[in-house]
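Structure record follows, encoded as structure tokens.
Throughout, a chain's letter reflects where its sequence line sits, starting with A, and its residues are numbered from 1.
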Amino acid sequence: MAYDLSFAKDVYNKSEMGHWIKMCMQCGVCAGSCPLRAHWQHSPRQLFQMVRAGKRDEVLKSSDMWMCTSCYNCIVRCPRELPITHIIHGLARYAETEKAVDPMQPTRRFAVEVFWKNITATGRVGEAMLTMRLYFQDGIGAGIQRGLEMRDSALGMLKTRRLNPIPFRGKIKGYDGFTKMLAKAAELEAKLENKA
Amino acid sequence: MADAHAAGQTILVVGGGISGLTTAVEAAETGYNVLLVEKDPQLGGRVAQHNKYFPKLCSPVCGLEINFQRIKNNPRIRYLTLSEVEEIQGSEGNYTVRIRKNPRFVTEACTGCGDCAAVCTTEVADPFNFGLNKVKAIRNNHAMAFPSWYYMDPAYAKTDEAKQVAKICPAGAIQPDMEASVIEEQVAAVVWATGWKPYDAEKILPYGFGQYANVTTNMRFERLASVYGPTGGKIIRPSDGKEAKSVAFIQCAGSRDHNYLPFCSRVCCLASMKQATYVRDQYPDSKVTVFYIDLRAMDRYESFLQKTREDANISWIKSKPARIEEDANGNPVVIGENTLTGERYAMPFDLVVLATGMEPHSAVDAKVPSDQASHDEYGFVTGGVLAAGCAAAPTDVASSVQSATAMAMKAIHAAVKRG
């Protein structure tokens with residue numbers, strides 16, 4: 001069987017931190033360290049080997065890299081100092097730019113549709129609205145049910161002033177500079193993508 | 001060869017382990033004068049702490065005894081114990097070295113009768129057995145120790161009891177007021193053979209050594225399996241003395257890891273295979289599991305791996321475990337991902353042995369004290385003096401002996417040029 005190296009090369013060049021995958025020695029410490037491993041179909045180690053084996057569709061369509069909660073256990077323990085958390089986020093982002101991700105993937109939907117719109121609209125995360133949008137993204141019935149399930153946590157957070165119930169109105173100071181930064185970042189990214 | 005006694009033809013060997021002993025006897029038996037300096041009270045180094053050598057599984061006592069005889073019978077070898085080289089000046093062919101001789105508090109008149117230890121009431125953690133048991137503050141490391149003179153811990157020497165103990169010595173050999181001294185020597189060559197120490201397993205936090213009683217290290221396991229060791233050779237676990245019949249070995253514990261020792265020590269795979277045979281030989285109903293990234297059985301040692309693989313009660317799991325926890329029964333539970341099947345495991349054992357690697361003494365407490373010396377990024381000696389055995393690179397006993405013999409040759413070259 002011939003390996004298709006084009007996918008591995010694409011990941012090394014186009015996916016943020018992707019070149020680090022070359023350094024993986026397949027020891028399995030990341031997989032054993034991941035607190036959410038039971039919910040992943042493939043561990044980081046397996047994803048990295050799949051990249052090297054040229055399994056383009058399996059990797060990019062995988063839900064795995066959307067499951068990472070950035071706890072950094074894997075980064076701390078990796079014997080070869082691979083920035084695994086960042087590689088995983090890079091793969092998620094790369095899958096998104098390649099339009100390979102299932103649009104209904106919950107983390108992707110939250111990130112692309114809810115979080116991004118929320119923060120870019122005003123320059124600050126509106127916590128109440130963000131939570132509402134997340135809870136109600138599958139319809140009113142599902143939203144109410146989730147809200148009830150999380151009621152105790154929400155009240156606890158309100159009491160300890162960890163959740164601001166009042167929606168943020170207006171825009172942050174220097175909102176123009178903020179949008180310019182975002183535009184510049186998008187421009188740089190487009191340039192990088194064209195180069196690759 | 002009376003002229004060979006000229007000061008310029010003396011070869012200084014630093015470290016009295018298997019490498020230093022080899023360089024010393026090889027150079028001396030070729031007709032050169034050797035000054036052997038050892039920081040511990042007795043010669044033999046790490047090898048003396050081993051239960052068996054791989055791959056032949058014979059006792060190191062035998063090899064050491066031959067070397068001790070060769071030293072004892074050779075007037076060209078002068079050895080200093082409890083001594084350290086503090087400064088080296090000059091260059092090849094013409095070194096001046098300063099050596100600190102720490103007090104032993106027991107003179108060479110000691111006959112090793114043991115009367116002093118019998119009355120000594122102070123006990124300390126035994127450094128020879130990595131603190132697994134207690135020993136008297138005046139003692140001998142083991143029955144085969146060379147030189148066989150007893151030694152006294154410096155803190156004990158200061159006590160009133162030490163003065164009383166001195167009085168009962170039939171040979172009058174105990175001197176609690178002995179002091180350190182510094183000497184200077186002229187030598188033609190310096191061979192650095194300071195060897196290695198086991199990497200400090202407490203630094204590997206996810207494995208819980210020091211926190212869980214039944215997580216131990218490979219060097220401690222060597223003492224546990226030795227008939228001269230703290231349990232008389234019975235492989236039992238430290239927490240409750242239960243026979244350790246289900247034992248896990250974790251390879252590369254703190255090795256090949258940028259968080260700890262980045263390099264491979266080259267011996268730990270074979271050492272664990274050897275130690276697996278200790279368990280299997282002692283308990284026929286035992287089970288051994290070896291966790292590994294990849295097994296490194298260099299050249300001819302491949303056959304030893306094949307032999308251990310034939311034992312169905314030794315299993316091999318390709319995985320670097322992520323962490324160890326302890327269950328309610330005090331069993332260490334090894335957790336990780338089997339990289340061949342992708343399955344996650346959490347397996348309890350009676351005892352877990354961490355195959356820790358070699359940290360060169362020259363990286364920690366025996367840097368070469370010379371302006372001209374160089375060390376690599378891990379602390380192994382690369383230049384300025386000659387380096388033998390594990391002071392030069394991590395390696396096994398057989399290769400250390402080869403390296404030490406080669407360094408005897410190089411040292412002789414330096415001495416001949418000078419002579």
Has [X] got more than 12 heavy atoms of other residues, nucleotides or ligands less than 6.0 Å from its [atom1]?
X	atom1	answer
B:Lys367	NZ	no
A:Phe136	CZ	yes
B:Met298	CE	yes
A:Leu148	CG	yes
A:Glu16	CD	no
A:Met23	CE	yes
A:Arg109	CZ	yes

Side chain, backbone, both or neither of B:Arg344 within contact of chain A (heavy atoms, under 4.5 Å):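 For B:Arg344, side-chain heavy atoms alone lie under 4.5 Å from chain A.
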Spacing of [atom1] belonging to [X] relative to [atom2] belonging to [Y], to within rounding of 0.5 Å:
X	Y	atom1	atom2	value
B:Asp294	A:Met25	CG	CE	8.0 Å
B:Glu337	A:Ser33	CD	OG	10.5 Å
A:Cys27	B:Gln251	SG	CD	13.5 Å
B:Lys320	A:Arg45	NZ	CZ	14.5 Å

Contact class of A:Cys30 relative to chain B, heavy atoms under 4.5 angstrom: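 Contact with chain B: none, neither part.
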Contacting region of A:Gln46 [heavy-atom separation from chain B under 4.5 Å]: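 Looking at A:Gln46, just its side chain touches chain B.
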Top contributor to chain B contacts, counting heavy-atom pairs under 4.5 Å, from A:His42, A:Gln26, A:Arg37: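 Most heavy-atom pairs within the cutoff with chain B belong to A:Arg37.
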Contact winner vs chain A - B:Asn259, B:Thr339, B:Leu205, heavy-atom pairs under 4.5 Å: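 The candidate making the most pairs under 4.5 Å is B:Thr339.
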Non-hydrogen side-chain atoms of A:Arg77 and B:Arg323 separated by less than 4.5 Å: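 Yes; the side chains approach each other to less than 4.5 Å.
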